[in-house]
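This report refers to the structure that appears directly beneath it.
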Amino acid sequence: MKDIDNELERRRAAARLGGGQKRIDTQHAKGKLTARERVELLLDEGSFEEFDMFVAHRCTEFGMEQQRPSGDGVITGWGTINGRMVYVFSQDFTVFGGSLSETHAQKICKIQDMAMRNGAPIIGLNDSGGARIQEGVASLAGYAEVFQRNVMASGVVPQISVIMGPCAGGAVYSPAMTDFIFMVKDTSYMFVTGPDVVKTVTNEVVTAEELGGATTHTKKSSVADGAFENDVEALTEVRRLVDFLPLSNREKPPVRPFFDDVARIEGSLDTLIPDNANTPYDMKELIAKVADEGDFYEIQEEFAKNMITGFIRLEGSTVGVVANQPLVLAGCLDIDSSRKAARFVRFCDAFEIPILTLVDVPGFLPGTSQEYGGVIKHGAKLLFAYGEATVPKVTVITRKAYGGAYDVMSSKHLRGDFNYAWPTAEIAVMGAKGATEIIHRADLKDPEKTAQHTANYESRFANPFVAAERGFIDEVIQPRSTRRRVARAFASLRGKSLQNPWKKHDNIPL
Amino acid sequence: MFEKILIANRGEIACRVIKTARKMGIKTVAIYSDADRQALHVQMADEAIHIGPSPANQSYIVIERLMEAIRQSGAEAVHPGYGFLSENARFAEALSAEGVAFIGPPVGAIEKMGDKITSKKIAQEAGVTTVPGYMGLIEDAEDAVKISNQVGYPVMIKASAGGGGKGMRIAWNDTEAREGFESSKNEAANSFGDDRIFIEKFITQPRHIEIQVLFDSHGNGIYLGERECSIQRRNQKVIEEAPSPFLDAATRKAMGEQSVALAKAVGYASAGTVEFIVDGDRNFYFLEMNTRLQVEHPVTELITGVDLVEQMIRVANGEALTITQDDVKLDGWAIESRLYAEDPYRGFLPSIGRLSRYNPPEEVATETHVVRNDTGVYDGGEISMFYDPMIAKLCTWAPTRAVAIEGMRVALDRFEVEGIGHNLPFLSAVMDHEKFTSGNMTTAFIEEEFPEGFQGVTLPGATLKRIAAAAAAMYRVAEIRRTRVSGRMDNHERKVGSDWVVSLQGEDFAVRIEADHDGSTIAFDNGSTLRVSSDWTPGDSLATLMVADAELVLKVDKITSGFRLRCRGADLAVLVRTPRQAELAGYMLEKVAPDTSRLLLCPMPGLIVKVAVEVGDEVQEGQALCTVEAMKMENILRAEKKSVVSKINAAAGDNLSVDDVIMEFE
């Protein structure tokens with residue numbers, strides 16, 4: 001028995017050393033943590049239970065049988081984040097550059113299967129050079145097995161990817177199908193084809209950072225949902241995100257004790273809307289003042305800034321927020337903002353997270369670049385997402401809600417549960433000037449008459465009452481009491497039950 | 001007594017006057033411009049009358065508009081506050097022509113004291129000491145030496161047309177006077193084309209000390225002690241106090257009596273202020289008389305118990321003073337800090353905009369402690385570009401100067417202002433500055449002690465340790481709450497540990513927390529302990545803690561793995577990590593801040609509405625560079641760092657695309 005114990009300890013020690021101290025030191029020198037250290041920081045202290053520590057690859061080509069390190073370049077298992085179960089895999093760059101072999105893939109698949117069965121999120125920490133070339137098609141098969149499980153898990157358990165090193169080629173498609181991708185600035189990159197291939201094929205010269213670094217993916221491509229300064233910060237913030245998410249689609253979003261007055265009055269919100277309708281203001285101030293303790297976890301902060309998406313808590317319980325941002329492009333809808341918000345709404349709906357929509361939208365962004373880019377179908381994604389969502393939906397119109405964008409932004413007609421408006425709301429087909437120019441085209445040459453028409457239109461339509469008279473707005477609320485009203489609305493919707501007709505799946509305009 | 005008065009002002013002073021009027025049972029009328037439609041003084045007054053567009057020269061200082069408002073409201077008297085029309089004789093005349101009382105001095109006094117040369121002459125005649133000097137033409141170097149000797153060394157030799165230090169010399173003896181005269185003359189001729197030179201006494205270690213006087217219209221007058229206003233930045237007072245830590249009783253009496261003599265000489269009636277410059281030997285020289293209520297009047301009120309606004313109203317109503325000089329007793333010490341919307345980290349650049357949070361410390365008035373906050377803004381209000389960027393005047397009073405300063409430190413720590421840049425950290429820094437606490441300051445304090453501007457505060461080790469203990473205790477509370485989330489695995493919950501490493505201001509403190517029902521004991525690795533107790537809960541933006549039996553007030557924002565804590569002028573990122581987290585964090589690389597571009601790019605497709613700078617302009621970080629209109633919204637683009645504009649590629653009216661270069665910097 002003693003011998004076996006010794007053997008176990010020896011094997012464990014060997015496995016823990018991954019690719020050896022020298023490679024660990026190299027990893028550290030790059031400002032990166034090892035796969036095990038990352039798991040340690042991600043999970044509650046001492047909570048990690050490892051699977052498949054002794055798995056080794058079976059490849060015999062190219063002399064691979066000479067090197068069969070335990071674990072085969074990925075650490076898998078489960079543990080807790082603030083006591084709630086999550087499954088995790090963490091690729092070990094010190095072992096064959098974290099490359100994916102058949103057995104490496106099998107280890108990931110095992111925890112994917114368990115996560116789905118047991119109802120807990122999957123967090124992948126990616127740091128891999130790509131396919132294990134020596135294994136050939138077996139490695140590709142391994143990828144596909146992982147991909148298929150990503151697809152099956154989508155909407156069943158939250159899937160989070162953290163890119164903490166290279167992630168290139170086919171490897172990108174596993175994170176791409178997860179719910180959230182986070183990147184570590186300066187040490188991670190993602191691309192389908194790397195700079196060398198790009199150079200060969202297109203003659204384009206580009207660095208890995210420019211092609212697929214954190215800045216590229218958070219600001220330009222929107223592939224990533226957020227970027228963090230370093231490994232430690234990234235893992236700490238992923239823990240914070242997990243605190244907002246339900247464990248699976250079989251569970252309600254988490255609730256935790258909160259230290260904020262549900263009926264907190266924020267007098268300062270009464271003056272949030274500037275006197276001049278063309279002056280922007282920061283919608284994030286409203287979000288922070290509505291949220292429990294001002295805590296807001298923003299998703300895709302750097303992309304399509306005219307739309308804000310993220311999580312807050314009300315009465316300790318998670319709520320997804322979608323809001324127009326008047327500070328950027330007047331908060332209009334366009335291709336990027338529609339896509340961003342649509343994906344967020346669908347995530348919330350899939351995981352029973354209620355949605356708060358804050359509206360100040362002047363319409364869709366006009367222009368050839370938008371039309372050529374297919375704003376019709378992209379805008380329709382958001383419309384579709386709101387229309388199909390069955391979770392509690394509360395909407396507050398703070399200022400403009402013009403035209404088709406009014407319909408899109410979780411209007412009453414898209415099965416909005418509570419549709420509130422501030423007294424400053426203007427719900428109309430368009431702004432007074434534009435409307436006058438169309439309705440009273442004949443008088444356009446007479447500035448006096450036009451001004452009169454504009455004033456008339458403003459007094460008749462630039463308010464929340466026309467919509468309220470028809471019941472499209474349930475109530476006009478005071479800005480100062482927004483938190484209390486919104487929290488009460490969601491509280492009243494805790495028992496909401498709404499089913500869409502049976503279908504195999506919908507056909508959202510992708 | 002008047003039934004109704006109009007306050008010809010805005011902001012905090014209008015609010016201040018309304019408070020006293022209300023106490024006296026007098027109805028108040030506020031006036032407001034477009035920008036002040038929702039201002040606090042408008043909300044506080046019984047009536048409010050709109051008097052025009054936002055710029056003061058189209059509203060608050062247009063006498064005709066005011067007269068109209070007075071007629072419309074039927075106000076019997078007008079309080080002018082300070083600034084605007086408060087020292088405008090024409091306004092006072094216009095009022096008297098309509099039989100409306102001016103709550104201020106007679107027209108004659110305003111006129112006489114309004115002119116620098118006349119006022120100095122009158123002062124000399126009234127026996128008030130003035131800065132010795134010779135205003136006539138000086139013929140040659142020998143003449144200059146003669147005059148210098150008459151004035152008494154040290155002297156300042158100045159070009160009449162001078163400015164910016166050019167053509168200016170200080171001479172301590174005959175030789176220097178001779179040389180100084182020649183070089184000043186040459187420099188003046190070359191720089192200004194005007195070589196006229198004059199000589200006056202050079203005041204060493206100058207301090208700005210002023211005397212508050214109060215006169216009725218029956219010839220009775222008193223002085224209410226002094227105020228020291230030496231902490232100034234570019235002639236703008238920042239911190240004032242009463243009494244002055246520098247004056248002795250004899251000097252105070254001499255200055256007070258001279259001030260009373262001067263006021264008497266001009267037939268003064270109302271509250272007024274005689275400003276002096278005082279040198280290191282307590283010689284004092286008259287500077288000017290302000291014929292109005294001063295911004296810093298609250299410190300005098302706090303040490304004398306006299307409501308100056310009330311006295312002004314009574315005097316204007318023809319009442320005789322009921323206070324005699326013997327009644328005036330200076331009690332305790334009062335400090336005033338002027339909170340300005342000026343960003344100290346950006347060269348005190350005015351910062352306008354929305355106060356997304358304005359939460360002043362609670363006002364207190366007990367036998368041993370007073371906190372008074374005079375303000376004209378509110379939570380969610382606006383600091384407008386049109387007027388003085390003052391947010392509030394925060395005053396503390398205590399029996400002694402040291403306690404009043406400590407009270408101010410705590411009050412500043414409690415003052416929450418968000419949304420705009422402001423000088424709170426700078427005010428805190430001054431309160432902890434040895435030259436200020438010792439009372440040993442001159443008017444050069446700010447330029448000498450902050451020559452490179454304000455760079456933030458580095459806290460001493462003992463304070464850091466207290467903050468570290470507080471942060472550890474707070475972080476533990478927040479972490480324990482996180483473990484109370486629903487959906488956790490029963491019997492396998494996360495246990496929050498007791499060992500932490502707190503990192504702040506480049507220092508690491510390893511601590512062990514032992515918590516009990518009343519708080520926690522924080523043990524440091526050197527064996528010392530600090531007891532922390534507080535009712536702070538996660539999300540509170542202000543934490544009041546007892547740390548080892550002394551209060552600590554922190555402004556708290558959550559950041560990854562810790563808090564942003566602000567206190568005593570310091571702005572700290574405080575990280576609280578387990579020993580293992582701290583160890584692994586040690587592998588993280590220090591990142592070099594990316595080089596901010598030398599280009600200003602258009603962030604969105606839009607129309608350039610305005611370019612606010614010109615080629616060659618030096619711009620400060622945060623300064624508005626240009627305005628781009630997109631989707632009918634005006635977006636102000638600001639400088640990311642201090643720089644000089646080298647090229648401007650766009651002009652108002654241009655339509656730009658994303659990433660078009662608007663301007664370039666050196």
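In the text below, chain A, chain B and the rest are named by the order of the sequence lines, each starting its count at 1.
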Look at [X] together with [Y] and state whether they make a salt bridge at an N to O cut-off of under 4.0 Å.
| X | Y | result |
| --- | --- | --- |
| A/Asp186 | B/Lys591 | yes |
| A/Glu315 | A/Arg494 | yes |
| B/Glu382 | B/Arg354 | no |
| A/Lys400 | A/Glu426 | no |
| A/Asp292 | A/Arg313 | no |
| A/Lys284 | A/Glu298 | yes |
| A/Asp231 | A/Lys185 | no |

Against chain B, work out which of [options] has the most heavy-atom pairs shorter than 4.5 Å and name it.
| options | value |
| --- | --- |
| A/Arg240, A/Glu251, A/Met85, A/Glu40 | A/Glu40 |
| A/Lys32, A/Arg239, A/Lys252, A/Glu266 | A/Arg239 |
| A/Thr236, A/Asp260, A/Leu272 | A/Leu272 |

What part of [X] lies closer than 4.5 angstrom to a heavy atom of chain A: side chain, backbone, both or neither?
| X | answer |
| --- | --- |
| B/Gln581 | both |
| B/Tyr378 | side chain |
| B/Ser541 | neither |

Chain B heavy atoms under 4.5 Å from [X]: which part of the residue, side chain, backbone, both or neither?
| X | value |
| --- | --- |
| A/Leu235 | neither |
| A/Thr80 | side chain |
| A/Glu233 | both |
| A/Ala29 | backbone |

Under a 4.5 Å heavy-atom cutoff, which of [options] has the most pairs with chain A?
| options | answer |
| --- | --- |
| B/Asp557, B/Leu355, B/Leu589, B/Asp34 | B/Leu589 |
| B/Ala585, B/Gly353, B/Gly539, B/Gly419 | B/Gly539 |
| B/Met588, B/Arg488, B/Glu493 | B/Met588 |

Open item on the list: Please determine whether the number of non-hydrogen atoms from other residues, nucleotides or ligands lying under 6.0 Å from atom NZ of A/Lys30 exceeds 12.
Closed with: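 Result for NZ/A/Lys30: enclosed.
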Open item on the list: Surrounding CD of A/Glu45 (heavy atoms of other residues, nucleotides or ligands, distance under 6.0 Å), is the total greater than 12?
Closed with: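 Atom CD in A/Glu45 is not packed in, count stays at 12 or less.
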Task: Donor-acceptor under 3.5 Å (A/Asp44 side chain, A/Ser47 main chain) - done: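 No, the answer is negative, given that no donor and acceptor are paired below the 3.5 Å cut-off.
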Open item on the list: Taking B/Ala515's backbone N and O only, do any of them form a donor-acceptor pair with B/Ser520's side chain (distance below 3.5 Å, no angle check)?
Closed with: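 No; zero donor-acceptor contacts below 3.5 Å.
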TODO: Taking heavy atoms only and a threshold strictly under 4.5 Å, list by residue number the residues of residues 475-484 of chain B that touch chain A; give 'none' if the list is empty.
DONE: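 At a heavy-atom separation under 4.5 Å, chain A is reached by B/Arg481, B/Arg482, B/Thr483, B/Arg484.
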Task: Audit row: A/Asp243, A/Tyr297, side-chain hydrogen bond (donor to acceptor under 3.5 Å, both in side chains) steps and yes/no - done: CA-CA 10 Å; A/Asp243 284 353; A/Tyr297 197 101; over 6 Å; no
